[in-house]
Asks: 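One structure, pasted below without further comment.
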Amino acid sequence: MKLFSGIIAALAASAGIASAFNVNCNSNYVSYYGQNSAGNQKTLGEYCKDSTEDLIVLAFMNGFPNIIMNFANACETTFPGSSLLHCPNIAQDIKYCQSQGKAVILSMGGASGAYGFSSDSQGAQFADTVWNMFFKGSSDQRPFDDAVLDGIDLDIEGGGATGYVGFINQLRSHYASDPSRQYYIAAAPQCPYPDSYLGSTLNSAWFDMVFVQFYNNYCGLNAYPTWFNYADWDNWAKTSAINKNVKVFIGAPGSPSAASSGYVSGSTLSTIYSAVRSQYSSLGGIMTWDVSQSRTSGLAGSIRAALNSGGSCSSNPGGGGGTTTTTTKTTSTTSTTLTTSTTPTSTAVEYTTTSIASQPTTTSTSPSTCPVNGAKCTGNQQGCNGQQFAICNGSSWWVSSCAPGTYCYLSGSIATCDWANGRSTNGCSVSGGSTSLSKRQNLVAVNRITKPSLRPKPAKAKSKTSTRVEFVVSELTNNQFTTVIKIQTDKDPFTGNWSISFTLPSGQKVESSSRGSVSTNGNTVTIRSDVSHESPKNMAAIFKISGTFAGDYVLPDTGTASFSTS
């Protein structure tokens with residue numbers, strides 16, 4: 001394969017057959033390579049023979065600053081007397097892919113591994129090492145020989161945030177030393193905003209692209225449109241990112257087996273992509289984990305067709321260093337038959353979908369206090385099993401995972417993923433067989449809830465701490481309502497002693513709160529934390545209020561929210 005790829009690379013380069021990857025387009029397709037997720041991973045060069053993907057992310061350097069690399073069956077050889085991988089075949093394939101107009105970058109991190117920095121200075125020093133081993137620098141041991149990568153991706157799913165800003169700044173200084181080509185800095189945060197591990201780094205360093213993982217979380221693609229939160233990432237790109245032209249990608253599982261939750265069909269993903277493209281200028285395209293999964297399932301072909309239908313490119317300067325080459329993509333129009341996804345549209349406080357995609361059946365038992373995927377259930381039950389939430393799909397449980405770091409708790413009859421704050425983290429519970437969800441659906445059908453829609457409308461709260469607030473109707477029966485309120489900081493945690501005030505719409509009255517104490521002054525409501533039950537380093541607080549109202553339901557105005565800590 002080494003000789004074959006090398007010959008093709010030379011011929012392709014001399015013929016000038018490929019146009020360069022353009023970060024400024026909203027029709028780019030990014031996919032990860034290296035972990036043989038589907039069990040049938042081909043060589044990198046094989047995936048670059050066609051025009052499906054625009055950028056390949058090599059996964060992973062899963063150990064640093066003491067470098068450990070793993071590319072499964074793609075590379076298993078090491079330098080003599082060393083444990084460092086030496087991958088000459090991948091090196092030739094990198095050059096071939098680049099000759100085809102594709103960019104190839106290396107991902108640092110991953111879901112498992114030993115990595116992290118103790119300081120910014122250590123991060124900066126490691127940037128020197130990375131430049132010498134993978135870019136235009138020099139080193140006695142270069143895993144990809146003379147191949148020069150196009151950038152670095154940070155897929156940080158463990159450890160702390162220390163050192164990454166120093167790493168990025170120093171690496172970009174190296175990028176700038178080579179104006180002959182374009183280099184990139186990317187990141188792969190999970191969809192809950194802000195990201196648990198990279199949140200502060202994303203706000204403090206330059207990024208060209210973020211591949212948001214819209215799966216394995218409450219805000220995944222399967223939660224579209226209710227909890228799918230691309231809007232949060234678009235807002236980050238335009239208000240908090242250092243690079244205001246940063247591109248945000250819709251990260252998707254390449255097949256049903258590529259993630260525990262979040263997979264949607266090609267037609268559904270096309271619908272979501274089209275909707276995002278029409279609303280948000282930050283869109284860069286679609287990312288999948290991983291190329292072996294998406295090629296095997298056929299999703300890759302559907303994605304390429306969707307991206308080729310009406311994509312556009314801006315002239316904004318981009319890239320972490322070097323010169324900028326702007327091109328315009330020539331696209332073709334492909335007709336796609338769109339279908340409605342039957343995957344659950346939310347995880348916690350609201351659920352209005354009436355049918356759910358079938359899930360593998362693991363057992364068939366009578367209802368128990370620990371819902372198990374495929375086990376029997378009745379009615380509109382919801383339940384919890386540690387870090388998993390469960391929804392009764394007809395007569396069997398559909399079980400999925402909460403966001404990392406959160407656990408499932410029943411709030412009345414609603415399964416809610418929340419921070420533990422001293423509560424048990426392995427509890428199991430199931431709601432009663434009849435809940436108000438069906439009643440709420442009936443109310444929606446007769447347009448009793450009219451302003452605004454059930455989708456939460458996040459807004460900044462007046463606060464010294466950068467904070468947002470969401471109000472969501474979770475239960476509505478006759479003239480009784482329950483509103484779930486979520487306070488979430490954008491960057492810094494807040495102490496256990498906090499309060500929030502907001503104006504309640506006319507005709508509504510708060511009767512109780514499941515967290516903290518409630519006081520009212522006219523239409524102004526203030527909720528104060530119970531310090532003894534609050535974590536000293538909260539990033540979010542979720543609680544609910546109940547009350548009565550007359551007339552159509554109106555959510556509280558987030559613009560009136562005032563949040564304070566001490």
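What you see below is based on every heavy atom in this structure, not just the backbone, and it leaves out hydrogens, waters and symmetry mates. Everything numeric in this text was worked out from a predicted model, so none of it was measured.
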Asks: Using the rule ring pair (Phe, Tyr, Trp, His ring centres under 6.0 Å), only one of W131, Y183, F167 pairs with H174; which is it?
Replies: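 Testing each of W131, Y183, F167 against H174, the sole residue satisfying ring pair (Phe, Tyr, Trp, His ring centres under 6.0 Å) is W131.
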
Asks: Within the structure provided, determine whether L202 and P194 are in side-chain contact (heavy-atom separation under 4.5 Å).
Replies: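 No. Closest side-chain heavy atoms not under 4.5 Å.
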
Asks: Taking the side chain as C-beta and beyond, is there a heavy-atom pair between M287 and L55 under 4.5 Å?
Replies: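 The answer is no; the side chains never approach within 4.5 Å.
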
Asks: Walk me through whether D146 and R142 qualify under salt bridge (Lys or Arg N to Asp or Glu O under 4.0 Å).
Replies: CA-CA 7 Å; D146 61 344; R142 288 177 57 93; over 6 Å; no

Asks: Is there side-chain contact between V246 and W236, with at least one heavy-atom pair below 4.5 Å?
Replies: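 Yes. Closest side-chain heavy atoms under 4.5 Å.
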
Asks: Distance-only, no hydrogens or angles: does the S31 side chain make a donor-acceptor pair with backbone N or O of V291 under 3.5 Å?
Replies: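 Side chain of S31 to backbone of V291: a pair is present.
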
Asks: How long is the straight-line distance from CG of L58 back to CD1 of I152, given to the nearest 0.5 Å?
Replies: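 One gets 9.5 Å once the value is rounded to the nearest 0.5 Å.
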
Asks: Find the distance between CG (D290) and OG1 (T296) and round it off to the nearest 0.5 Å.
Replies: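 Separation between the atoms: 8.5 Å.
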
Asks: Quick check against the 3.5 Å criterion: does S274 have a side-chain atom that pairs as donor or acceptor with the backbone of T271?
Replies: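 Not confirmed, S274 side chain does not pair with T271 backbone.
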
Asks: Taking atom NZ of K42 as the centre, report whether more than 12 heavy atoms of other residues, nucleotides or ligands fall under 6.0 Å from it.
Replies: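 Atom NZ in K42 is not packed in, count stays at 12 or less.
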
Asks: As an exercise, state the distance from OH of Y96 to OG1 of T43, rounded to the nearest 0.5 Å.
Replies: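 Nearest 0.5 Å value for the OH-OG1 distance: 9.5 Å.
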
Asks: Can you give me the closest heavy-atom contact between I185 and W206, atom names plus distance?
Replies: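 Reported closest heavy-atom pair: CG2-O, 3.5 Å.
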
Asks: Going through the checks in order, is the side chain to side chain donor-acceptor pair (under 3.5 Å) test met by N229 and W227?
Replies: CA-CA 6 Å; N229 68 337; W227 283 102; over 6 Å; no

Asks: Mind telling me whether F64 and Y164 have parallel, tilted or perpendicular rings, with 30° and 60° as the class edges?
Replies: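 Judged by the thresholds at 30° and 60°, the geometry between Y164 and F64 is perpendicular.
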
Asks: What are the two closest heavy atoms between P143 and F134, and how far apart are they?
Replies: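 Of all heavy-atom pairs spanning P143 and F134, the closest is CG-CE2, 3.7 Å.
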
Asks: Taking 4.0 angstrom as the limit, do R181 and D150 come out as a salt bridge?
Replies: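 Yes, R181 and D150 are salt-bridged.
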
Asks: Quick one: OG on S240 to CG on N203, what's the gap to the nearest 0.5 Å?
Replies: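 Those atoms lie 5.0 Å apart.
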
Asks: Determine, step by step, whether K136 and S180 satisfy the side chain to side chain contact (heavy atoms under 4.5 Å, CB included) criterion, reporting the C-alpha distance in whole Å, the side-chain angles of both residues, the deciding distance to 0.1 Å, and the verdict.
Replies: CA-CA 11 Å; K136 281 291 188 72; S180 67; 3.8 Å; yes

Asks: Any side-chain to backbone donor/acceptor pair from N216 onto S261? Under 3.5 Å, distance only.
Replies: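 Confirmed, N216 side chain pairs with S261 backbone.
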
Asks: Spell out, as yes or no, whether a donor-acceptor pair under 3.5 Å connects the side chain of S292 to the backbone of N40.
Replies: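 No; judged by distance alone, with no hydrogens or angles, the pair does not exist.
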
Asks: So, do L154 and I168 sit near enough that their side-chain heavy atoms are less than 4.5 Å apart?
Replies: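 In contact.
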
Asks: Taking the side chain as C-beta and beyond, is there a heavy-atom pair between I242 and F207 under 4.5 Å?
Replies: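 Sidechains of F207 and I242: no contact.
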
Asks: State whether the side chain of Y47 and the backbone N or O of T52 hold a donor-acceptor pair below 3.5 Å, judged by distance alone.
Replies: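 No; judged by distance alone, with no hydrogens or angles, the pair does not exist.
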
Asks: Check whether the ring centres of Y263 and Y215 lie less than 6.0 Å apart, and answer yes or no.
Replies: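 Not under 6.0 Å, so no.
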
Asks: Is there any ring pair (Phe, Tyr, Trp, His ring centres under 6.0 Å) pair reaching into residues 281-315, and which pairs are they, with sequence neighbours excluded?
Replies: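 Qualifying pairs, neighbours excluded: Y32-W289, F60-W289.
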
Asks: Within the side chain of Q293, is there an N or O that forms a donor-acceptor pair under 3.5 Å with the backbone of S37?
Replies: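 It does hold such a pair.
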
Asks: Indicate the atoms forming the closest heavy-atom contact of A300 with R295, along with that distance.
Replies: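 Between these two residues, the closest heavy atoms are CB-CD, 3.9 Å.
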
Asks: For residues P192 and C219, report the shortest heavy-atom separation together with the two atoms involved.
Replies: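 Answer, listing the atom of P192 first, then C219: N-SG, 3.3 Å.
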
Asks: Would you say the side chain of S27 lies within less than 4.5 Å of the side chain of Y273, judging by non-hydrogen atoms?
Replies: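 They are in side-chain contact.
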
Asks: Might you work through the side chain to side chain contact (heavy atoms under 4.5 Å, CB included) test for N28 and M209, ending with a clear yes or no?
Replies: CA-CA 11 Å; N28 286 307; M209 298 169 279; over 6 Å; no

Asks: With rounding to the nearest 0.5 Å, note down the distance linking CG in D54 to NZ in K102.
Replies: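 Between D54 CG and K102 NZ, I get 6.0 Å after rounding to 0.5 Å.
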
Asks: Given side chains that start at C-beta, do those of L149 and I105 come closer than 4.5 Å, heavy atoms only?
Replies: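 In short, these two side chains do not touch, never coming nearer than 4.5 Å.
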
Asks: What heavy-atom pair brings L84 and M133 nearest, and what distance separates the two atoms?
Replies: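 Nearest pair, atom of L84 first, then M133: CD2-CE, 3.5 Å.
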
Asks: Please step through side chain to side chain contact (heavy atoms under 4.5 Å, CB included) for the pair F211 and D155, ending with a clear verdict.
Replies: CA-CA 9 Å; F211 312 134; D155 180 15; over 6 Å; no

Asks: About how many Å separate CG of D234 and OG1 of T239, when rounded to the nearest 0.5 Å?
Replies: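 Those atoms lie 9.0 Å apart.
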
Asks: For S312, does its backbone N or O pair with a side-chain atom of N26 as donor and acceptor, under 3.5 Å?
Replies: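 Yes, the answer is positive, given that a donor and an acceptor are paired below the 3.5 Å cut-off.
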
Asks: Run the side chain to side chain contact (heavy atoms under 4.5 Å, CB included) check on S294 and I303 step by step: do they pass?
Replies: CA-CA 9 Å; S294 59; I303 290 173; 5.5 Å; no

Asks: Compute the ring centroids of Y224 and Y230, then answer whether they are less than 6.0 Å apart.
Replies: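 Between Y224 and Y230, the centre distance exceeds or equals 6.0 Å.
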
Asks: Is a side-chain donor or acceptor of Q170 paired with a backbone partner of Q125 at a separation under 3.5 angstrom?
Replies: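 Side chain of Q170 to backbone of Q125, a donor-acceptor pair under 3.5 Å: no, none is there.
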
Asks: Taking side-chain hydrogen bond (donor to acceptor under 3.5 Å, both in side chains) as the cut-off, I'd like each qualifying pair that reaches into residues 74-83, sequence neighbours left out, listed once.
Replies: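 Not a single pair qualifies under side-chain hydrogen bond (donor to acceptor under 3.5 Å, both in side chains).
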
Asks: For F21 and Y184, what are the C-alpha separation, side-chain angles and deciding distance, and is it a ring-ring contact (aromatic ring centres under 6.0 Å, His included)?
Replies: CA-CA 11 Å; F21 162 73; Y184 303 99; 5.5 Å; yes

Asks: I want to check something: taking the side chain as every heavy atom from C-beta on, are L269 and S302 in contact at a cut-off of under 4.5 Å?
Replies: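 In short, these two side chains do not touch, never coming nearer than 4.5 Å.
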
Asks: Between N235 and A231 (side chain of the first, backbone of the second, donor and acceptor by atom type, cut-off under 3.5 Å), is there such a pair?
Replies: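 Not a single qualifying donor-acceptor pair exists.
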
Asks: Is a donor on one side and an acceptor on the other found under 3.5 Å between the side chain of Y280 and the backbone of W233?
Replies: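 Here the side-chain-to-backbone pair does not exist.
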
Asks: D153 and A188: which non-hydrogen atoms are nearest, and at how many Å?
Replies: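 Looking at all heavy atoms of both residues, the shortest contact is OD1-N, 3.6 Å.
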
